[in-house]
Amino acid sequence: MLKGKAFKFGDNISTDDITPGRFFHLRSNLPELAKHLLEDVAPSFTSRVEPGDFIVAGVNFGLGSSREHAAVVIKMAGVAAVLAKSAARIFFRNAINVGLPVLICDTDKISDGDELEVDLAGGMVKNLTSGVVLPLGRFPDVMLRILDEGGLIPYIKKHGDFSLQSR
Amino acid sequence: MGKTLAEKILSEKSGSDAHAGDIVIAKVDLAFLQDGTGPLALRQLQASELERIATPAKVIIFLDHASPSPSRELANDHILLRDFTRKSGVQLCDVGEGICHQLIAESYANPGEVVIGADSHTVTAGALGAFATGMGSTDVAIAIALGKTWLRVPESFKIVVRGSFKRGVYAKDLALHIIGKIGADGATYRALEFCGENIENMGMSERFTLANMAVEAGAKAGLFSSDETTRRYLESHARSDLFRSIRPDPDAEYEQIIEIDVSSLEPMVSKPHAVDNIAPAKELKGEKIQQVFIGTCTNGRLEDLATAAAILKGRKRHPATRLLIAPASKEVLTQAIGAGYIQTFLEAGGTVLPPGCGPCVGVHQGVLGDGEACLSTANRNFRGRMGNPEAFIYLGSPATAAASAIAGEITDPRELM
Ligand code: SF4
């Protein structure tokens, strides 16, 4: 069970919003890169977010480049999960690979600052502020298994290979 | 049940009867990294403790995004990548060779292959009939080690293109039109499959432009059947033996069929800060432009430079508008010198940059100032993309870019043709 506060963003938050190209030179210095997370969209985000909080966005979160650094620095900021109406394909896959859950739900029912409780196994999020319960979209079994192990690297270290069989 | 291009290629590469929605483990023919995603991939490869490389000959590292390096940090990343290629036997395309996607097209990708790159525009190779898709550093690191990856077989949209382009209209305008029509997330998780008489008559350069921009509609791949045009392209790049005919079954199932007649299409421009925010170029007349950039994996090929040079020949850029040109590869630059295009650009007041990504992603070589606007032939105009969140990026064809450089404002190229 994850519990934290919602930080609300709009539609089409791109990887250039999350980790701007001008900080390209910081990609091998992730703690420095993390300081600039989302700074063009929400300048005070990194100083306000606390471990366990959630990024809550509209459609197509993470569109744009394949830079996995975007998912990595969101995780480094302590964000427990990204909740969005939809997510761009590469970002979604990257996030799961680094152990950051991206959960699809109707985020119109969540406002900035709401307290949320996410039940990953049960597939739902409860808005503790409004009392509304939202179902989470399902994702492929292979992704669940990768997420369960904490990401693709731990998964491969443990299993040595991909496997399409269920647990 | 018949198969789409995506289903055909992924069935073959997974050794299964794959249909849309299935999860498969597919053999990867070619995996690559670039200098922005490569260092993290190598760290992940090391962390995986899979100290092996499945097929080193088909793994390539490109130094193209920060090329030549603008900073100490990036020069050190380059050292890391170069050292790795030396130790592992993995192939290196160093500074000055060109943009990864252009080099993949010129020298590496073939019909029917699965191509995985740690760069979203890996989709470009779909123009050759390869299933090519972008992933992140970790996925590509694992594909390098295991020689395979997991994929969800995508549903496909069939894009049927009819009619011929009017003068001054190109595949870039069609790409912007399609993205405007279906939206920046309209094809998320889907493959776009291009066909129809316009596509059959289209040269490889323009096919690459269309495939390249598939990802701007959210697509996982932008696929073309391989045909005589593909065969000739491979032949001109010394690998005709790797040609094979690959096309979808006539009874393949598509999630959507989108029909487009291009006969009335006009030069299009994408406005800040979203690729699907499009308008005809002529409606934007009067929008002042401080920088024009011709290049990138979308439009930095010889045909693109030829189009721009034909408009710029004997003319000068507007005094208030900088004109930057970055050929997509060394081969393109060499041929552009031979054809006299580079001379034309220099005489028109242009600045010619080395082969590579140039200012596309805001690293170097043309970062915009506060409040400035750029008309670029690239594929993305997100806020901050070219290094400054206070700047504005418009996207258009090389013809629109050249015409706008001369006029100093967004200009329909037909005014100068
Ligand atoms: S030219 Fe631009 S879009 Fe293409 S690979 Fe380079 S940075 Fe990416």
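All of these numbers come straight from a predicted model, not from anything done at the bench. Order of the sequence lines sets the chain letters (A, B, ...), proteins ahead of strands, with each chain counted from 1.
- The residue among A/S14, A/P20, A/S28 with the most heavy atom pairs within less than 4.5 Å of chain B is A/S28.
- For A/N29, no part lies near chain B; criterion is any non-hydrogen pair under 4.5 Å.
- Residues A/L63 and B/F382 are in side-chain contact: their nearest non-hydrogen atoms beyond the backbone lie under 4.5 Å apart.
- A 4.5 Å side-chain heavy-atom check between B/V363 and A/R22 finds every atom pair outside the cut-off.
- For chain A, the nearby parts of B/T149 are the backbone and the side chain; heavy atoms of each come within less than 4.5 Å.
- When atom types are taken as modelled, the side chain of A/R27 and the backbone of B/D35 share no donor-acceptor pair closer than 3.5 angstrom.
- Of the two parts of A/F23, neither the backbone nor the side chain holds a non-hydrogen atom closer than 4.5 Å to a non-hydrogen atom of chain B.
- Rounding to the nearest 0.5 angstrom, the gap separating the OG atom in B/S48 from the OH atom in A/Y155 is 14.5 Å.
- Residues A/I156 and B/L146 form a side-chain contact, since some pair of their non-hydrogen atoms from C-beta on lies under 4.5 Å apart.
- For B/R43, the part lying near chain A is the side chain, with the backbone staying farther off; criterion is any non-hydrogen pair under 4.5 Å.
- If you tally non-hydrogen atom pairs under 4.5 Å between each of B/H65, B/H121, B/R152, B/H364 and chain A, the highest count goes to B/H65.
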Ignoring hydrogens and angles, write down the donor-acceptor pairs under 3.5 Å from the side chains of residues 131-138 of chain A, residues two or more places apart or on other chains.
none

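- Between chain A and the options B/P39, B/G218, B/A47, heavy-atom pairs under 4.5 Å are most frequent for B/A47.
- The heavy-atom pair separating B/T188 from A/A87 by the smallest distance is CG2-O, 3.9 Å.
- Both the backbone and the side chain of B/Y189 come within contact range of chain A, judged by heavy atoms closer than 4.5 Å.
- If you measure heavy-atom distances from B/T37 to chain A, the contacts under 4.5 Å come from both the backbone and the side chain.
- Taking the side chain as every heavy atom from C-beta outward, A/N97 and B/I142 never approach each other to under 4.5 Å.
- Per-residue heavy-atom pair counts under 4.5 Å with chain A were compared for B/N76, B/L80, B/L74, and the maximum is reached by B/L74.
- The interface of residues 179-186 of chain B with chain A, defined by heavy-atom distances below 4.5 Å, comprises B/A184, B/D185.
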Q. Between B/T133 and A/R89, is a side-chain hydrogen bond (donor to acceptor under 3.5 Å, both in side chains) present by the stated rule, with each step listed?
A. CA-CA 11 Å; B/T133 192; A/R89 186 188 71 82; 2.7 Å; yes

Could you list the donor-acceptor pairs under 3.5 angstrom formed by side chains in residues 64-72 of chain A, with sequence neighbours left out?
residue, atom, partner, partner atom, Å
A/S65, OG, A/R67, N, 3.0
A/S65, OG, A/R67, NE, 2.7
A/S66, OG, B/A118, O, 3.4
A/S66, OG, B/D119, N, 3.3
A/R67, NH1, A/T15, O, 3.3
A/R67, NH1, A/D16, OD1, 3.2
A/R67, NH1, A/T19, O, 2.7
A/R67, NH2, A/D16, OD1, 3.4
A/E68, OE1, B/S137, N, 2.8
A/E68, OE1, B/T138, N, 2.7
A/E68, OE1, B/T138, OG1, 3.3
A/E68, OE2, B/T138, OG1, 2.3

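- You'll find the side chain of B/R383 reaches within 4.5 Å of the side chain of A/D40, heavy atoms only.
- The shortest distance between side-chain heavy atoms of A/R93 and B/D139 falls below 4.5 Å.
- Residue-environment remark: NZ (A/K126) stays at or below the threshold of 12 foreign heavy atoms within 6.0 Å.
- In this structure, chain A has a heavy atom under 4.5 Å from the side chain of B/R380, while its backbone stays farther away.
- A search for side chain to side chain donor-acceptor pair (under 3.5 Å) contacts involving A/E32 returns A/K35, not counting sequence neighbours.
- Summarising the local packing, CD of A/E117 is surrounded by more than 12 heavy atoms from other residues, nucleotides or ligands at distances under 6.0 Å.
- Looking at A/I146 and B/W150, their side chains come closer than 4.5 Å, going by heavy atoms from C-beta outward.
- Only the side chain of B/D77 comes within less than 4.5 Å of a heavy atom of chain A; its backbone N, CA, C and O stay farther away.
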